[in-house]
Amino acid sequence: MDVSNILASHAAKFQSVTVEKETPLDVDTGFLTVTDLTPIDEDSYKSNLEEYLQTTARDGIQALIAALYSLPTQPSPDGPLAQLPAPTTQLPRAKPLPKPKPPTKWERFAAAKGIQKRVREKKVWDEERQEWVNRWGKDGKNKEKEEQWIHEVKADAPVDHDPVKAAREARTSRVAKNERQRLQNNARAQTASGDREERKKDIEKTLATTRISTASMGRFDKKLDGEKKLRGVKRKFEAAETSVEQEKQASLAVLSKLDGDVKRARKEKGADDGVLNVRKAIRNVSKGKGGVALAREANRKGAKSKRGGKR
């Protein structure tokens, strides 16, 4: 009995597990991705879009599954697991590469002397407890002298000597020293990375601010070696003698400014918030005569000064 026709018709119902294309598929099992670089068939794409997309996706999934079955496996409670290799697709970084940090003072010294870096273990063996304990941190080995129940005290130690306190202060001083050295290394790194000019500008700006903070605008201050002369720094004074009209306008400007500040403060805080009482201020300046009398007196003085000038 010839059953070849039956087998051929049965096999025609299923597609082959081997994917063959003009351009081979790029399979990256590390990322579980498949890249199809085959050009799009425009006729098939326009005639039946859904079937074309399903066929392309089927070929990619079939190639990925075939690549996964060829990987080595290891047993597990959930069944055999495939060991994925390292990815081959290089993805772009979200941020630029960090700049290399300049070596610290100790790293430069170690490189000059040929000292090899030795990584200290985080755990150390405790002979008394017969177990591994932390070198630092909670229940650390560095706090052993502070927590022991008996201490050795020198014969010439003062009466109020506290060995627990001394050990704690020695440990905290080492921590402070390490932090100080870390800050110094950061400052050196900033200086070496190009921030020297910015720091120089900040220092010059601070120096200029301190120089113009005096009444003489730094004219009589002691100059530093190599200090540049500031340009365009002048102090403006009002004229000692002014006309009556100018003095009157200045006084009215001050009063209007005070009145405006009072009104603004009343709107923001309320009427009874302890702000300046303008009427009381005018009454004190005019010795109880009021603002009108103060203006009349100013006009009278102005008229006298004009008559004296005509003579």
Side-chain angles (χ1 to χ4, degrees), residues 1-104 106-107 110-111 114-126 129-142 182 185-186 189 193:
M1 181 178 180
D2 188 8
V3 295
S4 58
N5 295 332
I6 300 175
L7 295 176
S9 61
H10 182 74
K13 297 180 181 179
F14 303 97
Q15 297 182 6
S16 175
V17 296
T18 304
V19 180
E20 295 181 357
K21 287 195 172 186
E22 297 178 1
T23 304
L25 298 177
D26 185 7
V27 181
D28 188 353
T29 53
F31 282 142
L32 300 179
T33 57
V34 179
T35 305
D36 190 356
L37 302 178
T38 305
I40 298 176
D41 188 0
E42 189 175 356
D43 297 336
S44 302
Y45 184 83
K46 291 183 178 180
S47 61
N48 195 340
L49 176 62
E50 194 68 24
E51 182 181 357
Y52 179 79
L53 295 178
Q54 289 181 0
T55 304
T56 305
R58 182 262 169 197
D59 293 342
I61 295 298
Q62 182 61 54
L64 179 61
I65 293 177
L68 290 177
Y69 271 96
S70 63
L71 296 176
T73 59
Q74 59 181 2
S76 69
D78 298 331
L81 297 178
Q83 300 178 3
L84 298 179
T88 58
T89 305
Q90 296 183 357
L91 300 178
R93 288 177 56 91
K95 296 182 179 180
L97 290 173
K99 298 180 181 179
K101 296 182 179 180
T104 61
W106 164 252
E107 290 175 350
I115 302 175
Q116 300 294 332
K117 184 178 180 180
R118 180 172 57 91
V119 180
R120 304 180 70 179
E121 298 292 339
K122 295 183 179 180
K123 296 283 187 177
V124 293
W125 178 257
D126 191 348
R129 303 180 186 178
Q130 292 296 312
E131 61 180 2
W132 293 94
V133 297
N134 295 327
R135 186 185 295 273
W136 307 283
K138 183 180 180 181
D139 300 331
K141 190 70 173 178
N142 59 337
R182 185 185 69 83
N185 290 331
N186 292 341
S193 62

Donor-acceptor side-chain pairing of T38 and D36 below 3.5 angstrom: yes
For residues S76 and L81, report the shortest heavy-atom separation together with the two atoms involved. OG-CG, 3.4 Å
Give me the atom names and distance for the closest heavy-atom approach of T73 to A82. CG2-CA, 4.1 Å
Heavy-atom count around E131 CD within 6.0 Å, excluding the residue itself: above 12? yes
Counting only heavy atoms not in Y45, do more than 12 fall under 6.0 Å of its OH? no
Look only at the side chain of S47 and the backbone of S44, and say whether a donor-acceptor pair between them is shorter than 3.5 Å. yes
More than 12 non-hydrogen atoms from neighbouring residues, nucleotides or ligands closer than 6.0 Å to NZ on K101, yes or no? no
All side-chain hydrogen bond (donor to acceptor under 3.5 Å, both in side chains) counterparts of R135, not counting sequence neighbours: none
Would you indicate whether E42, at its atom CD, is surrounded by more than 12 heavy atoms from other residues, nucleotides or ligands within a distance under 6.0 Å? no
State the CD-CD distance between E50 and Q54, to the nearest 0.5 angstrom. 5.0 Å
What is the minimum heavy-atom distance between L91 and F31, and which atoms define it? CD1-CZ, 3.9 Å
Got a donor-acceptor contact below 3.5 angstrom from the T29 side chain to the L32 backbone? no
Let me see the working for K46 and Y52 under side-chain contact (heavy atoms from CB on, under 4.5 Å), right down to the final yes or no. CA-CA 9 Å; K46 291 183 178 180; Y52 179 79; over 6 Å; no
Rounded distance [0.5 Å steps], CD1 in I40 versus OG1 in T56: 8.0 Å
If we ignore hydrogens and angles and just use 3.5 Å, is the side chain of D28 paired with the main-chain N or O of T33 as donor and acceptor? no
Please give me the minimum heavy-atom distance between I115 and W106, naming the atom from each residue. CD1-CH2, 3.9 Å
Is there a side-chain contact (heavy atoms from CB on, under 4.5 Å) between L25 and L37? Walk through the geometry before answering. CA-CA 7 Å; L25 298 177; L37 302 178; over 6 Å; no
Nearest non-hydrogen partners of A67 and S70, listed with the distance: O-OG, 2.6 Å
Within a 6.0 Å radius of atom CD on E121, are there more than 12 heavy atoms belonging to other residues, nucleotides or ligands? no
Could you tell me if the side chain of D126 sits less than 4.5 Å from the side chain of K141, heavy atoms only? yes
Just so I know, are the side chains of N134 and K123 near enough to count as touching, which here means a heavy-atom distance under 4.5 Å? yes
List the residues meeting side-chain hydrogen bond (donor to acceptor under 3.5 Å, both in side chains) with E51, not counting sequence neighbours, and say none if there are none. N48
